[in-house]
Participant: 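Let me begin by handing over the structure; questions about it come next.
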Amino acid sequence: YEAGDFRTSTRLAKTELDACRARTDLPPRSCYQLWNELLDSGLYAQDDVLVEVEGLAFLAAAETTDGPDSEAMASASGLLASLYLRRGRYEEAAVLRARDIAITRKLFGPEHPDLAISLGNEGVLLDYMGRYKEAEDRYRQSIAIAEKGGEESAPLLASQFNNLARNLDNQGRLEESAALSARVIELQSRLYPATHPVRATTLHNRAIVLRQLNRFDEAETLSRESYAIYLERLGPDSRDTRRAELGLAKTLATLGRPRAAEQLFLSNMDYARRLAPAREQPFTLVAYADFLVSEGRPGEAIPLLREALSVLDTSSRESGADPALIAKTRLTMAETLQASGRLEEAEVEARQALAGFVTANALLRLDIQAALASILAQRDKRGEAITLYRAVLPGYEKLLPAAHCQTLNLRAGLAKLLARDPATLREALTLLEAAAAQSLTRETIDSFGSAGGLGPGKGLCNIAETEIDVVAALLDAGQMSEGEA
């Protein structure tokens with residue numbers, strides 16, 4: 001593992017764990033120790049290692065043998081929390097992670113590396129739940145501990161910097177994220193060989209940020225390097241390799257090379273259908289569907305999304321599927337139907353996404369509500385759309401920066417609806433002026449036109465265009481002088 005040969009290390013680890021399981025004379029604690037070592041080493045890819053029944057058995061064994069406040073109990077809680085995170089059971093994961101942190105803090109104090117690891121893992125969970133600002137706080141606490149640990153804590157520090165960089169990307173703070181990921185790459189260059197998969201992960205994440213900042217050539221270079229490392233070290237069948245291939249496809253699409261991008265999307269989808277576990281297929285199907293929508297081909301995307309939802313439905317019945325992924329796929333379907341002009345179906349899909357929403361991801365719920373509000377506005381259901389926009393806006397303001405594209409676009413959408421009634425024209429203008437005052441910065445302006453139209457600058461432009469329309473309406477209604485306009 002330390003040499004970056006993940007294929008061999010995973011094979012050896014699985015062999016050892018299988019041998020341990022086969023020993024009827026060994027207590028569960030023995031296998032638990034090995035399971036613990038495997039997961040601490042980062043070998044999370046094999047789902048058959050993460051068996052819930054086994055995890056619960058380890059947890060019970062740790063409590064009985066070592067006690068409820070033991071290090072073993074903290075480790076078992078943390079590992080089971082990781083399993084529940086993977087399966088989208090966020091609230092159960094949160095309870096276990098909190099127990100892990102409480103025990104670790106009690107046993108080792110507030111500045112121990114194990115506490116930094118647990119805090120970082122809690123940050124990852126909060127990220128998945130859409131609670132980005134809380135996640136950022138956990139990462140910064142973890143980093144503060146790691147920075148006091150000297151050279152021995154350098155790998156931990158690089159890992160938490162990487163987590164924080166991804167978190168800042170989620171918050172729309174792209175320049176901060178890019179600067180931090182550059183620091184991670186420099187730090188990792190001293191810790192790992194150039195072709196180590198850990199470094200490939202950082203390159204992949206940085207490429208995503210650079211793509212959003214319109215630094216497409218750099219993003220392509222990093223995407224290709226990440227893909228090449230994964231292909232060499234993990235082989236073509238690795239989940240990380242397939243993910244890197246998707247990342248390269250998205251980069252090529254933003255570079256205006258749709259043919260090359262589509263070849264990679266099709267290759268990835270073909271592999272997923274033939275060889276990947278069914279639970280992994282929806283990621284590829286949804287990614288390709290997004291590409292087709294961006295190319296003005298929403299009609300081709302809809303069957304792929306239906307296929308993804310069918311796979312997720314089967315997985316839910318058989319072994320459980322990530323509810324957040326189900327909700328995201330339904331959201332994508334609703335937006336795709338909207339882009340196709342099939343507004344009635346889009347509304348049904350968005351409402352189904354909300355009705356079946358069982359994940360704790362607050363931001364994802366807001367995204368679905370915002371999409372539904374947009375659909376309702378197009379269907380001339382003005383009153384319901386305004387009510388929904390007003391309900392979503394405080395949530396966005398709580399979870400996202402003021403200059404985040406989603407927040408700005410939501411304000412613009414609400415203002416457009418308010419502007420249809422002369423009685424609420426002034427309210428619309430006030431809403432837009434407040435948005436501009438909070439987000440008019442050089443960084444926001446420079447991010448205009450970033451990949452996928454999701455940069456803060458694009459949102460600010462939407463605010464400005466809407467404001468011009470509202471001012472014109474006020475002028476026509478005699479509610480504003482020409483000089484003021």
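Heavy-atom basis, side chains included; hydrogens, waters and symmetry copies ignored.
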Participant: Would you check, one step at a time, whether the test side-chain hydrogen bond (donor to acceptor under 3.5 Å, both in side chains) holds for Gln369 with Tyr389?
Facilitator: CA-CA 8 Å; Gln369 290 175 314; Tyr389 272 131; over 6 Å; no

Participant: Closest heavy-atom contact between Ala135 and Gly123?
Facilitator: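 Looking at all heavy atoms of both residues, the closest pair is CB-O, 3.3 Å.
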
Participant: Could you tell me whether Arg306 and Glu349 have a side-chain N and a carboxylate O separated by less than 4.0 Å?
Facilitator: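 Answer for the salt bridge query: yes.
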
Participant: On the 0 to 90° scale, with breaks at 30° and 60°, tag the His196-Tyr192 ring pair as parallel, tilted or perpendicular.
Facilitator: tilted

Participant: Please check: side-chain N/O of Arg199 versus main-chain N/O of Ile185, any donor-acceptor pairing under 3.5 Å?
Facilitator: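 Flag not set: sc Arg199 to bb Ile185 has no pair under 3.5 Å.
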
Participant: Carefully, step by step, assess Tyr396 and Asp367 under the rule side-chain hydrogen bond (donor to acceptor under 3.5 Å, both in side chains).
Facilitator: CA-CA 9 Å; Tyr396 270 172; Asp367 287 343; 2.5 Å; yes

Participant: For Thr104 and Asp114, indicate whether the former's side chain and the latter's backbone hold a donor-acceptor pair under 3.5 Å.
Facilitator: no

Participant: Let me confirm one number: the CG-CG distance from Leu126 to Asn121, rounded to the nearest 0.5 Å.
Facilitator: 11.0 Å

Participant: Name the one of Leu191, Leu187, Val198 that satisfies side chain to side chain contact (heavy atoms under 4.5 Å, CB included) with Pro155?
Facilitator: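 It is Leu191, the one option of Leu191, Leu187, Val198 that forms the side chain to side chain contact (heavy atoms under 4.5 Å, CB included) with Pro155.
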
Participant: Does Arg351 CZ have over 12 foreign heavy atoms under 6.0 Å away?
Facilitator: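 Count over threshold, so yes.
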
Participant: Please give me the minimum heavy-atom distance between Arg330 and Ala353, naming the atom from each residue.
Facilitator: CB-CB, 3.6 Å

Participant: Using a 4.5 Å cut-off on heavy atoms from C-beta on, say whether the side chain of Tyr128 contacts that of Tyr90.
Facilitator: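 Yes, side chains in contact.
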
Participant: Which distance, rounded to the nearest 0.5 Å, do you find between the CG of Asn167 and the CG of Leu180?
Facilitator: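 Asn167 atom CG to Leu180 atom CG measures 10.0 Å (nearest 0.5 Å).
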
Participant: Going through the distances and angles, do Asn205 and Val209 end up as a side-chain contact (heavy atoms from CB on, under 4.5 Å)?
Facilitator: CA-CA 7 Å; Asn205 292 340; Val209 176; over 6 Å; no

Participant: Distance check, rounded to the nearest 0.5 Å: Gln188 atom CD versus Ser181 atom OG?
Facilitator: 10.0 Å

Participant: Rounded to the nearest 0.5 Å, what's the gap from NZ on Lys250 to CZ on Arg211? Could you check?
Facilitator: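 One finds 6.5 Å between NZ of Lys250 and CZ of Arg211.
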
Participant: Quick one: are Ser153 and Lys148 in side-chain contact, heavy atoms under 4.5 Å?
Facilitator: no

Participant: For residues Ala385 and Leu376, report the shortest heavy-atom separation together with the two atoms involved.
Facilitator: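 Looks like CB-CB, 3.9 Å.
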
Participant: Going by heavy atoms in the side chains, are Gln160 and Val184 under 4.5 Å from each other?
Facilitator: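 No, their side chains stay 4.5 Å or more apart.
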
Participant: Does some side-chain heavy atom of Leu292 sit less than 4.5 Å from a side-chain heavy atom of Pro298?
Facilitator: no

Participant: State which residue, out of Asn162, Asn163, Asp127, fulfils the side chain to side chain donor-acceptor pair (under 3.5 Å) condition with Tyr139.
Facilitator: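 Answer to the side chain to side chain donor-acceptor pair (under 3.5 Å) test with Tyr139 among Asn162, Asn163, Asp127: Asp127.
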
Participant: OG of Ser142 to CG of Leu156: how many Å apart, nearest 0.5 Å?
Facilitator: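 Between Ser142 OG and Leu156 CG, I get 5.0 Å after rounding to 0.5 Å.
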
Participant: Run the side-chain contact (heavy atoms from CB on, under 4.5 Å) check on Asp69 and Leu107 step by step: do they pass?
Facilitator: CA-CA 8 Å; Asp69 293 327; Leu107 290 175; 5.6 Å; no

Participant: To check you understand the geometry: which heavy-atom pair defines the closest contact between Ala346 and Ala334, and what is its length?
Facilitator: CB-O, 3.3 Å

Participant: Using a 4.5 Å cut-off on heavy atoms from C-beta on, say whether the side chain of Arg99 contacts that of Met73.
Facilitator: yes

Participant: Is there a donor-acceptor contact under 3.5 Å linking the side chains of Tyr230 and Arg243?
Facilitator: yes

Participant: If the threshold is 4.0 Å, N to carboxylate O, is there a salt bridge linking Arg297 and Glu300?
Facilitator: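 Counted as a salt bridge, because a side-chain N and a carboxylate O are separated by less than 4.0 Å.
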
Participant: Ignoring hydrogens and geometry, is there a side-chain-to-backbone donor-acceptor pair from Ser118 to Leu115 under 3.5 Å?
Facilitator: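 Checking the backbone N and O of Leu115 against the side chain of Ser118, no donor-acceptor pair under 3.5 Å is found.
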
Participant: Could you tell me if the side chain of Val286 sits less than 4.5 Å from the side chain of Lys328, heavy atoms only?
Facilitator: no

Participant: Any non-hydrogen side-chain atom of Thr329 less than 4.5 Å from a side-chain atom of Leu312?
Facilitator: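 Contact flag for Thr329/Leu312 side chains = yes.
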
Participant: Report the distance from atom CZ of Phe265 to atom CG of Leu304, rounding to the nearest 0.5 Å.
Facilitator: 11.5 Å

Participant: Tell me, with the steps shown, if Arg166 and Thr202 meet side-chain contact (heavy atoms from CB on, under 4.5 Å).
Facilitator: CA-CA 9 Å; Arg166 190 175 63 248; Thr202 304; over 6 Å; no

Participant: Is a salt bridge present between Glu307 and Arg273, judged by a nitrogen-to-oxygen distance below 4.0 Å?
Facilitator: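 Salt bridge flag = yes for Arg273 with Glu307.
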
Participant: Could you tell me whether a side-chain N or O of Thr64 sits under 3.5 Å from a main-chain N or O of Ala61, the two making a donor and an acceptor?
Facilitator: no

Participant: With heavy-atom distances below 4.5 Å as the criterion, would you say the side chains of His204 and Leu222 are in contact?
Facilitator: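 No. Closest side-chain heavy atoms not under 4.5 Å.
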
Participant: Regarding Gln338 and Ser374, do their side chains bring together a donor and an acceptor under 3.5 Å, going by distance alone?
Facilitator: yes

Participant: State whether Lys381 and Glu384 are salt-bridged, where the test is any N-O pair (Lys NZ or Arg NE/NH1/NH2 against Asp/Glu carboxylate O) under 4.0 Å.
Facilitator: no

Participant: Go through the side-chain N and O atoms of Tyr271 and Glu245 and say whether any donor and acceptor fall under 3.5 Å apart.
Facilitator: no

Participant: Would you call Glu136 and Arg173 a salt bridge, using N to O less than 4.0 angstrom?
Facilitator: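 Judged by the 4.0 Å cut-off on N to carboxylate O distance, Glu136 and Arg173 do form a salt bridge.
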
Participant: Search all heavy atoms of Ile302 against all heavy atoms of Ser340 and return the closest pair with its distance.
Facilitator: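 Of all heavy-atom pairs spanning Ile302 and Ser340, the closest is CD1-OG, 3.9 Å.
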
Participant: Looking at every non-hydrogen atom in both residues, tell me the closest pair between Ala261 and Ala249 and how far apart they are.
Facilitator: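 Closest pair (atom of Ala261, atom of Ala249, distance): CB-O, 3.2 Å.
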
Participant: Checking side chain to side chain contact (heavy atoms under 4.5 Å, CB included) against Tyr227, which of Asp240, Leu246, Leu203, Thr241 comes through?
Facilitator: Thr241

Participant: If the threshold is 4.0 Å, N to carboxylate O, is there a salt bridge linking Arg274 and Asp270?
Facilitator: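 The answer is yes: the pair qualifies as a salt bridge.
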
Participant: Any side-chain to backbone donor/acceptor pair from Ser70 onto Gly67? Under 3.5 Å, distance only.
Facilitator: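 Here the side-chain-to-backbone pair exists.
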
Participant: Using a strict threshold of under 4.0 Å (side-chain N to carboxylate O), is an ion pair present between Arg97 and Asp100?
Facilitator: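 Counted as a salt bridge, because a side-chain N and a carboxylate O are separated by less than 4.0 Å.
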
Participant: Is it true that a side-chain atom of Arg206 and a backbone atom of Ala178 form a donor plus acceptor pair closer than 3.5 Å?
Facilitator: yes

Participant: As a quick check of understanding, evaluate side-chain contact (heavy atoms from CB on, under 4.5 Å) for Leu80 and Leu56, giving each step before the final call.
Facilitator: CA-CA 7 Å; Leu80 195 56; Leu56 289 168; 3.5 Å; yes

Participant: So, the side chain of Lys133 versus the backbone of Lys398: is there a donor-acceptor pair under 3.5 Å, distance only?
Facilitator: yes

